[in-house]
2 protein chains.
Amino acid sequence: MSQVQTKSRIRESASRAEIHSCVVEKLSHYAPLSDSEARLISRLEERPRTFKANEVICGSGEELGSLFIVREGRAYTYQILGDGRRQILQLYYPGDIIGTRDIVFEQCTASTVCATEAVLCPFDKKDLKEVFEKAPKVAALIYAIGMLEQVVVLDRLKAIGRMQARERLAHFLLEVLSRSRVACHDPAAPLELRLNQETIGDVLGLTQVHVNRTFKQLERDGLIKRVNGKMELQEAELTHIAEFTDRYHRIDTSWFPVSRED
Amino acid sequence: MSQVQTKSRIRESASRAEIHSCVVEKLSHYAPLSDSEARLISRLEERPRTFKANEVICGSGEELGSLFIVREGRAYTYQILGDGRRQILQLYYPGDIIGTRDIVFEQCTASTVCATEAVLCPFDKKDLKEVFEKAPKVAALIYAIGMLEQVVVLDRLKAIGRMQARERLAHFLLEVLSRSRVACHDPAAPLELRLNQETIGDVLGLTQVHVNRTFKQLERDGLIKRVNGKMELQEAELTHIAEFTDRYHRIDTSWFPVSRED
DNA sequence: CGTCCATTTGATTAAGCTCAATGGACGTGG
DNA sequence: CCACGTCCATTGAGCTTAATCAAATGGACG
């Protein structure tokens, strides 16, 4: 909750101390940005916008006009099969960038909706051109973050393809936890999923019923403890069960272009 | 087979007609490149290298020093679970770029090996810096191709998460077919998998035995016909069964920076 | 002609799905 | 305050898909 910043501070332009943008915050988590780079990005970023729960950010087939940085809430991307089954492809938590993928297509390859009420910062697609032209380091950073997302997706692919329900769910919980920590900084904070069991099933390729049984099983085994919405995890054991690796630590910036005027 | 180019032609430098590089060929499939852009890229590209079947391109945990463009053969990226099970994350066919993901990490997140004898063109990682600095349009293109790969991975995630063996396999066959066509150009050419059933199982999250039964079933139903290694597909029916979409058609280049001196 | 490897087939088992019912939490309207 | 509806979690019973275990078949090749 303390993550929600006062919106009026965004959009000041001049000195670095005053630049307070979602994108700058996200990007500089991985590599330091020069003042002019930070200024360029924060200038491009539009006013944060509030979305209602279940509001569609971009439907499959529409054109995605901007990236969105998640400031608060949860969103996800999914596809529906002919028989009505649903696969959720990617979850977005505070700090994540929505649309790094679909922005390169003329039509979105999947639908994106908010799972909860959410605050998103749009970043216009056509302004990316300026980023690639004037701030190659930032471009490299955006590229790297896109690839980081891909690694996370592939970890989940492995879990769905080759693990049983118990390990899949453990893997999922740890992934959400590590993702929350990027934004939240407090490593002791309990996990707050804010997703119902049907949604989790659609992420993991399981039915809601089986997700429920598996949660119960993990609870019986003392691996998780649930207290109204929040969850405490036995991280060490779960990590072992799910063979989980946290991918959010570090990217290799050695090949990045240097900031133009540092 | 006709895809294998005479290697001596690569590396000439001067005029456009003589530039004959794997990377240039791949990238200009999606957007026209200026002469200087083409020159920059082809100059960076090193001599094609031949790999033996089962030769490791980059092991999990090592640093990946270059991208590789596949000229001939098949390769794949995989992860092994503690109990020995294997999940193949991505297959690479001629025209694909290996390493767009792992290049942004200090250590590879997965192992990559050749499934057959293969010819690959390395493209040094640290030279990417120059590309991002001097050829922003090419950088955008590389970004877009990385995202295209991600969409393909997510289509497979959907298949593995929410489809049965029959549809999964159909989906897989169509994906390989459409991928082959990027490199091969002949739309009537029969599908040449050159992968055994165990490998296919590890792609699709199925056992080798079940892959076999499913192949047999597709064959009985007249949806595929197998003649020593090659395969003819009833594309229309299979596309319907697998709800398949070909993602290789088109990316949105409208936001790309323009070539610097066209 | 025997070895190696991949494919094929059969019999049995188990993980997860489907269908169905119950109960708690919460909001809304009378 | 109570009645009611909705959403979600929970639990049970039976069924289906794919896994497992095991073995046979069939090239390709030295």
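Lettering of chains follows the sequences in order, A, B, ..., and the numbering in each one begins at 1.
- Using N1 to N3 plus N6-O4 or O6-N4 for Watson-Crick, or N1-O2 and O6-N3 for G-U wobble, each under 3.5 Å, D:dC21 pairs with C:dG10.
- The nearest pair of heavy atoms linking A:Gly146 to B:Met147 is CA-CE, 3.6 Å.
- Rounding to whole angstrom units, CZ of residue A:Arg194 and C1' of D:dA9 are separated by 19 Å.
- Using a 4.0 Å cut-off, no side-chain N or O of B:Thr207 falls inside it from OP1 or OP2 of D:dA18.
- With the nearest nucleotide of DNA chain C identified for both A:Arg168 and B:Lys216, B:Lys216 has the one nearer the 5' end.
- What separates CG of A:Asn212 from P of C:dT18 is a distance of 15 Å, to the nearest Å.
- Figure legend: B:Arg49 and B:Phe51 shown as a cation-pi pair, the cationic atom lying under 6.0 angstrom from the six-membered ring centre and within 45 degrees of its axis.
- Here the side chain of A:Asn196 is nearest to one of D:dA18, D:dC8, D:dT10, namely D:dC8.
- Nearest-nucleotide positions on DNA chain D for A:Arg162 and A:Glu198 put A:Glu198 closer to the 5' end.
- Where B:Arg213 and B:Gln197 each meet DNA chain C at their nearest nucleotide, the meeting point lying more 5' is that of B:Gln197.
- B:His210 places its NE2 atom 11 Å from the C1' atom of D:dT16, with the value rounded to the nearest Å.
- For A:Gln208, taking side-chain heavy atoms from C-beta onward, the closest of the listed nucleotides D:dA19, C:dT9, D:dT10 is D:dT10.
- In this structure, B:Arg156 forms no cation-pi arrangement with B:Phe172, as its terminal cationic atom is not both closer than 6.0 Å to the ring centre and no more than 45° off the ring axis.
- Side-chain proximity of A:Val209 to the nucleotides C:dT7, C:dC17, D:dT11 is greatest for D:dT11.
- Put simply, CD1 on B:Ile200 is 16 Å from P on D:dA18, counting in whole angstrom units.
- No cation-pi contact links A:Arg179 to A:Tyr93, judged by a cut-off of 6.0 Å to the six-membered ring centre and 45° from its axis.
- The closest donor-acceptor contact from the side chain of A:Arg101 to the backbone of A:Cys108 lies at 3.5 Å or more, if one exists at all.
- Look at CD on B:Glu219: it is 7 Å from P on C:dT8, rounded to the nearest Å.
- In this structure D:dG30 sits in a base pair with C:dC1, meeting the Watson-Crick or G-U test at under 3.5 Å.
- Of the side-chain N and O atoms in A:Arg220, none sit less than 4.0 angstrom from OP1 or OP2 of D:dT10.
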